Amino acid sequence: MWVSASAGLGSGGSAIIDGVSQNDARGDFLGAISFGAPITKTQAVKLSYLRSVTFQDIGSDSNTLGFAWSMAF
């Protein structure tokens with residue numbers, strides 16, 4: 001069984017068109033957590049959640065839920 005967590009912060013980046021700044025600097029936060037567990041000797045499942053938040057008017061906030069099943073052979 002395993003659990004993991006991660007986070008990231010992004011800042012900066014903006015568009016300049018024909019030498020004119022568009023005043024659209026970006027800033028984002030990403031956070032994630034995942035949980036995995038074996039179900040047999042050769043199979044496992046993993047559940048993960050990702051949250052994305054933008055600090056500016058440009059971009060979008062999102063919530064993502066994932067499920068995976070893996071098999072080794």
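Since the model is a prediction, treat every value here as computed from it, not as a measurement.
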Determine, stepwise, if the pair R26 / T54 fulfils side chain to side chain contact (heavy atoms under 4.5 Å, CB included). CA-CA 8 Å; R26 287 152 174 91; T54 185; over 6 Å; no
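In this structure, W2 and A44 approach most closely via the heavy-atom pair CH2-CB, 4.3 Å. Here the shortest heavy-atom pairing between F29 and A7 reads CE1-CB, 4.0 Å.
Between F35 atom CZ and S48 atom OG the span is 12.5 Å, to the nearest 0.5 Å. Between atom OG of residue S60 and atom CG of residue D28 there is a gap of 8.5 Å, rounded to the nearest 0.5 Å. Between L65 atom CG and L50 atom CG the span is 10.5 Å, to the nearest 0.5 Å. Residue Y49 holds its OH atom at 8.0 Å from OG1 of T64, rounded to the nearest 0.5 Å. Here the CG-OG distance, from L30 to S52, works out to 4.5 Å after rounding to the nearest 0.5 Å.
Neither V20 nor I16 shares a network with the other; the hydrophobic side chains, linked directly or stepwise wherever heavy atoms of I, L, V, M, F, W or Y lie under 4.5 Å apart, form separate groups for each. The hydrophobic clustering, which links ILVMFWY residues whose side-chain heavy atoms are closer than 4.5 Å, places M71 and V45 together.
For residues 40-54, no residue pair satisfies the salt bridge (charged side-chain N to carboxylate O under 4.0 Å, His left out) rule, not counting sequence neighbours.
With sequence neighbours left out, the side chain to side chain contact (heavy atoms under 4.5 Å, CB included) criterion links T40 to T42, Q43.
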